[in-house]
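Okay, structure first, notes after.
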Amino acid sequence: MKNSLKELIANAARKAHAAGVLTTAEFPAVEIEEPKNDTHGDFATNFAMLSAKAQRMAPRKIAQALLDHMEDPQAMILRMEIAGPGFVNFFLKPTAWPPVVQQVLAQDQTYGASAIGAGVRIQVEFVSANPTGPLHVGHGRGAAVGDSVANLLQLCGFDVQREYYINDSGRQIQTLGRSVLLRCRELLGETVVFPEECYQGDYIRDLARALIDAQGEALVRRSDDQAVLECARFAAQAIIAGIRQDLETFGISFDRWYSEQSLYDNGRIERSLEELKSRQVLYLQDGAWWFKTTDFGDEKDRVVVRQNGLTTYFASDIAYHRDKFERGFDRVIDVWGADHHGYIPRMRAAVEASGYAPERFEVVLVQLVNLLRDGLPVAMGKRSGDFVTLREVMEEVGSDAARFIFLTRDHESPLDFDLTVAKQKTNDNPVYYVQYVHARIASILRKAAEQGLSDLCWDDAAGARLVEVEEIQLIKALARYPEAVQAATLALAPHRITFFLMQLAALFHAYYNKHRVLGEDPVLSRGRLCLVAAVQKVIRNGLTVLGVGAPDQM
RNA sequence: GCGCCUGUAGCUCAGAUGGAUAGAGCAACGGACUUCUAAUCCGUAGGUCGCAGGUUCGAAUCCUGCCAGGCGCGCCA
């Protein structure tokens, strides 16, 4: 709807210029908005005001020129007016709207899809939690955001790959192995001092028990190094399996799990460091190798190889991101916890120094989650091992509620997640508010089927009966969905879909309370049935983007 | 000290590329179920968009400075 109007305006501008009324053909991009105030029409454009400078004309004069040259082949415009400083307001005929319903019904699951990303390969890397413990609530938010961003991109035609990077090398894995080994010894009757820097959670004990069951006491008889390694391997593997399962329960699966260790094993880290040396961005100082990230806008240089000869985490990341681009991705998106934001400049530097345009690398920062119960903070200490896992949250409030709530805020805003509210089945809890729309409509459709009205066959006669204000508002909202998807995608902001759905749900509930779908008049009933069926499809499509189910009954 | 994020109704938050009179929900108060699911709806009330300048036809939105809160500033990951 909006796009066809844009065409009309652009054509009018060209014609006006050809006719010599406008002085230059230098036009701004046509922008169209939906005025909040409906006395300003269905749509409005500020084209005349934006053109004033280039045309050296008064905005209202330009507006008049547009009106004089406007064509309307589909006869959808009722009237146009010039208003205020130079807005052009468009009032559409009531008959312009109902065809949208038909379009939604016809396109079904693909309504909202587009091809704006066609031919672009894009990778979204998210969660990537260290395999040293189960996922917690914060990871859940990152997972929900990352997966929905990927869904949005796919919907817009991008070729998307989801990837999880496993930090399965380095000191933390060693620590993991040590933690498990100590618990093993403890279980076998030794008295051990369990150091503070080891992982404290109960899951370490569980892993130790499982390992003893599998291997018996043979384990502790090995040399320390050997035993730690064995424990680490076993534990990391088990934890990753658990993470994978949690994510699956959460409705998320990855196309690829990428091992950090593999970057060492196949020499990629070595190679990328050599390459940086040859590009003269590495230098040796105090026995360590430094990357001159300051040449690329970072505030200080960063170490990639330590004095002791070990590479840093940053070195792995350089190799990893280089590999992403070598695999042919046009865009690379990392979803990170906001506490890593200080890492962005050096990572961007690394991308640029590796020979790739830094704009091709983007980071979505996800702010932290404050877990509450009855409005009071739930204690969360990673030190103490006393944190609430994603699995526990899913078990308590359900995956749908959790995912929806994670997406009720801009990912750059911190989020209060109240377990009590998440379980409530009231207006406080927007998941049910939206899902209820789907269930209610399903109920109407069942009822209609009982009455022999199962075929939603659309015709102009039925469409012409959709004249109530609430109906036109609903249809307008449906028409807005594809734009909402595109805007959310371009901004990598899935929460906009959440808000779109809440708004559509509000419009539907109001309509439902005021008008009956199934009534005496068969033609009217059919028209309304098509309308609510279309609403149901858009609700379902939107919930699918969020990874939330659309139930037929509640 | 430097950097990033945040500051909008009593509370929790939306406000795409700058647009016309700044919006929801909750909480408060008053109403609507013999009819397609009341997990719903309708109404009332609520504002110096942190503060001060600037840019322009026009600023919650862009720029500068300040104030408040969060996070980050390791040869850790």
Side-chain angles (χ1 to χ4, degrees), chain A residues 29 31 33 35-37 39-40 44-46 49-50 52-53 58-59 83-87 89 130 132 167 170-173 175 260 285-290 298-300 302-314 316-317 337-345 365 367-368 375 408-410 412-416 418 421 424-437 439-448 450-451 483-484 486-488 490-491 493 495-496 498-500 502-503 505-506 508-519 525 528-529 532 553-554:
Chain A
E31 290 171 18
E33 55 163 23
K36 280 165 250 169
N37 185 341
T39 64
H40 294 142
T45 184
N46 56 1
M49 287 163 340
L50 293 178
K53 202 163 266 178
F87 289 103
N89 296 337
N130 294 337
T132 54
N167 294 114
R171 220 187 59 189
Q172 50 179 345
I173 284 292
T175 307
E260 178 188 9
Q285 186 183 302
D286 304 328
W289 282 96
W290 295 72
D298 197 6
E299 56 187 14
K300 54 179 284 197
R302 311 290 173 177
V303 169
V304 286
V305 183
R306 288 186 275 165
Q307 211 169 32
N308 62 11
L310 297 177
T311 54
T312 58
Y313 180 88
F314 182 40
S316 313
D317 262 347
D339 51 339
H340 288 75
H341 74 260
Y343 209 74
I344 296 174
L365 287 180
Q367 284 287 350
L368 58 134
T408 49
R409 273 181 201 11
D410 186 315
E412 299 219 330
S413 302
L415 167 70
D416 288 340
D418 194 314
V421 174
Q424 272 169 15
K425 300 182 170 173
T426 65
N427 224 339
D428 270 343
N429 193 357
V431 210
Y432 299 118
Y433 186 76
V434 174
Q435 285 185 324
Y436 191 41
V437 172
R440 268 185 151 173
I441 294 173
S443 175
I444 296 175
L445 294 175
R446 281 193 297 270
K447 189 92 177 180
E450 283 171 27
Q451 299 175 10
E483 298 157 24
Q486 287 178 25
L490 294 177
H495 76 284
R496 294 208 188 144
T498 313
F499 282 92
F500 173 88
M502 293 194 286
Q503 203 186 348
F508 173 78
H509 286 311
Y511 175 60
Y512 181 93
N513 273 277
K514 190 161 173 189
H515 302 285
R516 270 191 79 77
V517 174
L518 303 172
S525 296
R528 289 185 170 173
L529 215 43
V532 298
Q553 272 180 30
M554 288 172 71

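Below, chain A is the first sequence line, B the second, and so on; all start at residue 1. Please read these numbers as outputs of a predicted model, since none were measured by experiment.
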Quick one about A/Ser316 and A/Glu260 (side-chain donor to acceptor, distance below 3.5 Å, no hydrogens or angles considered), yes or no? yes
Can you confirm whether the side chains of A/Asn130 and A/Gln172 place a donor and an acceptor under 3.5 Å from each other?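 A donor-acceptor contact under 3.5 Å links the two side chains.
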Using a cut-off of strictly less than 4.0 Å, decide whether [X] has a side-chain nitrogen or oxygen near OP1 or OP2 of [N].
{"X": "A/Arg440", "N": "B/A39", "answer": "no"}
{"X": "A/Ser413", "N": "B/A14", "answer": "yes"}
{"X": "A/Tyr313", "N": "B/A77", "answer": "no"}
{"X": "A/Arg306", "N": "B/A77", "answer": "yes"}
{"X": "A/Tyr433", "N": "B/C41", "answer": "yes"}

So [X], base contact, sugar-phosphate only, or nothing? Heavy-atom distance under 4.0 Å.
{"X": "A/Phe499", "result": "sugar-phosphate"}
{"X": "A/Trp289", "result": "nothing"}
{"X": "A/Arg516", "result": "base"}
{"X": "A/Glu299", "result": "sugar-phosphate"}
{"X": "A/Lys514", "result": "nothing"}
{"X": "A/Pro414", "result": "sugar-phosphate"}
{"X": "A/Gln367", "result": "sugar-phosphate"}
{"X": "A/Asn89", "result": "base"}

Starting from the 5' end of RNA chain B, give me the residue, A/Gly170 or A/Thr45, whose nearest nucleotide shows up first.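 Of the two residues, A/Thr45 wins.
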Assign each of A/Gln424 and A/Met49 the nucleotide of RNA chain B bearing its closest heavy atom; nearer the 5' end lies the nucleotide of A/Met49
From [options], pick the nucleotide closest to the side chain of [X]?
{"X": "A/Glu412", "options": "B/U6, B/G74, B/A38", "answer": "B/U6"}
{"X": "A/Val517", "options": "B/A39, B/C36, B/C13", "answer": "B/C36"}
{"X": "A/Phe87", "options": "B/A20, B/G72, B/A39", "answer": "B/A20"}
{"X": "A/Tyr512", "options": "B/A38, B/G72, B/C75", "answer": "B/A38"}
{"X": "A/Ala44", "options": "B/G72, B/A39, B/A20", "answer": "B/A20"}
{"X": "A/His509", "options": "B/A39, B/C41, B/A20", "answer": "B/C41"}
{"X": "A/Ile444", "options": "B/C36, B/A77, B/G19", "answer": "B/C36"}

If you look at every heavy atom in [X] and [Y], which pair is closest and at what distance?
{"X": "A/Trp290", "Y": "A/Gln285", "value": "NE1-O, 3.3 Å"}
{"X": "A/Tyr433", "Y": "A/Ala506", "value": "OH-CA, 3.0 Å"}
{"X": "A/Pro345", "Y": "A/Asp298", "value": "CB-OD1, 3.6 Å"}

Flag the pair [X] / [Y] as yes when at least one side-chain heavy-atom distance between them is below 4.5 Å, and no otherwise.
{"X": "A/Pro430", "Y": "A/Thr408", "result": "yes"}
{"X": "A/Thr311", "Y": "A/Val304", "result": "no"}
{"X": "A/Val517", "Y": "A/Leu529", "result": "yes"}
{"X": "A/Val532", "Y": "A/Tyr512", "result": "no"}

Please state the [atom1] separation for the pair [N] and [M] - nearest whole angstrom.
{"N": "B/U61", "M": "B/A16", "atom1": "C1'", "value": "11 Å"}
{"N": "B/A68", "M": "B/C51", "atom1": "P", "value": "15 Å"}
{"N": "B/G19", "M": "B/A59", "atom1": "C1'", "value": "9 Å"}
{"N": "B/U6", "M": "B/G50", "atom1": "C1'", "value": "11 Å"}
{"N": "B/U8", "M": "B/G25", "atom1": "C1'", "value": "15 Å"}
{"N": "B/C13", "M": "B/C57", "atom1": "C1'", "value": "32 Å"}
{"N": "B/C2", "M": "B/U64", "atom1": "P", "value": "15 Å"}
{"N": "B/C67", "M": "B/A52", "atom1": "C1'", "value": "11 Å"}

Figure out the [atom1]/[atom2] separation between [X] and [N], and round it to whole Å.
{"X": "A/Tyr343", "N": "B/C76", "atom1": "OH", "atom2": "P", "value": "12 Å"}
{"X": "A/Ile344", "N": "B/C5", "atom1": "CD1", "atom2": "C1'", "value": "10 Å"}
{"X": "A/Asp298", "N": "B/G74", "atom1": "CG", "atom2": "P", "value": "11 Å"}
{"X": "A/Gln307", "N": "B/C75", "atom1": "CD", "atom2": "P", "value": "11 Å"}
{"X": "A/Lys447", "N": "B/C36", "atom1": "NZ", "atom2": "C1'", "value": "6 Å"}
{"X": "A/Phe508", "N": "B/C41", "atom1": "CZ", "atom2": "P", "value": "11 Å"}
{"X": "A/Arg409", "N": "B/U8", "atom1": "CZ", "atom2": "C1'", "value": "14 Å"}
{"X": "A/Asn46", "N": "B/U56", "atom1": "CG", "atom2": "C1'", "value": "14 Å"}

Look through every strand shown and name the nucleotide pairing with [N] as Watson-Crick or G-U wobble, where both distances are under 3.5 Å.
{"N": "B/C2", "answer": "B/G72"}
{"N": "B/A38", "answer": "none"}
{"N": "B/G10", "answer": "B/C26"}
{"N": "B/G19", "answer": "B/C57"}
{"N": "B/C66", "answer": "B/G50"}

Once the angle between the rings of A/Phe499 and A/His495 is folded into 0 to 90°, is it parallel (under 30°), tilted (30 to 60°) or perpendicular (over 60°)? perpendicular
Suppose we call a contact any N or O donor and acceptor under 3.5 Å apart; does that hold for the side chain of A/His341 and the base of B/G3? yes
Do other residues, nucleotides or ligands put more than 12 heavy atoms under 6.0 Å from A/Arg171 CZ? no
Is it true that atom CD of A/Glu483 has more than 12 heavy atoms of other residues, nucleotides or ligands lying nearer than 6.0 Å?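 It does: A/Glu483 CD has more than 12 such atoms within range.
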Hey, does the Lys NZ or Arg CZ of A/Arg440 hover above the aromatic six-ring of A/Phe508, less than 6.0 Å from the centre and inside 45° of the axis?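 No - A/Arg440 does not lie over the ring of A/Phe508 by the 6.0 Å and 45° rule.
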Between A/His340 and B/G72, do the rings stack, that is, sit under 5.5 Å apart with planes less than 30° off each other? no
Check: A/Asn429 side chain, A/Gln424 main-chain N or O, donor-acceptor pair, under 3.5 Å: yes
Pick out the pairs of N or O atoms, protein on one side and nucleotides 15-17 of chain B on the other, that lie under 3.5 Å.
| from | atom 1 | to | atom 2 | distance (Å) |
| --- | --- | --- | --- | --- |
| B/G15 | OP1 | A/His495 | NE2 | 2.9 |

Please produce a list of atom pairs where a protein N or O lies less than 3.5 Å from an N or O of nucleotides 23-28 of chain B.
| from | atom 1 | to | atom 2 | distance (Å) |
| --- | --- | --- | --- | --- |
| B/C26 | OP1 | A/Asn427 | ND2 | 3.4 |

Could you check if the base of B/C33 is syn or anti? Syn means the glycosidic torsion is within 90 degrees of 0. syn
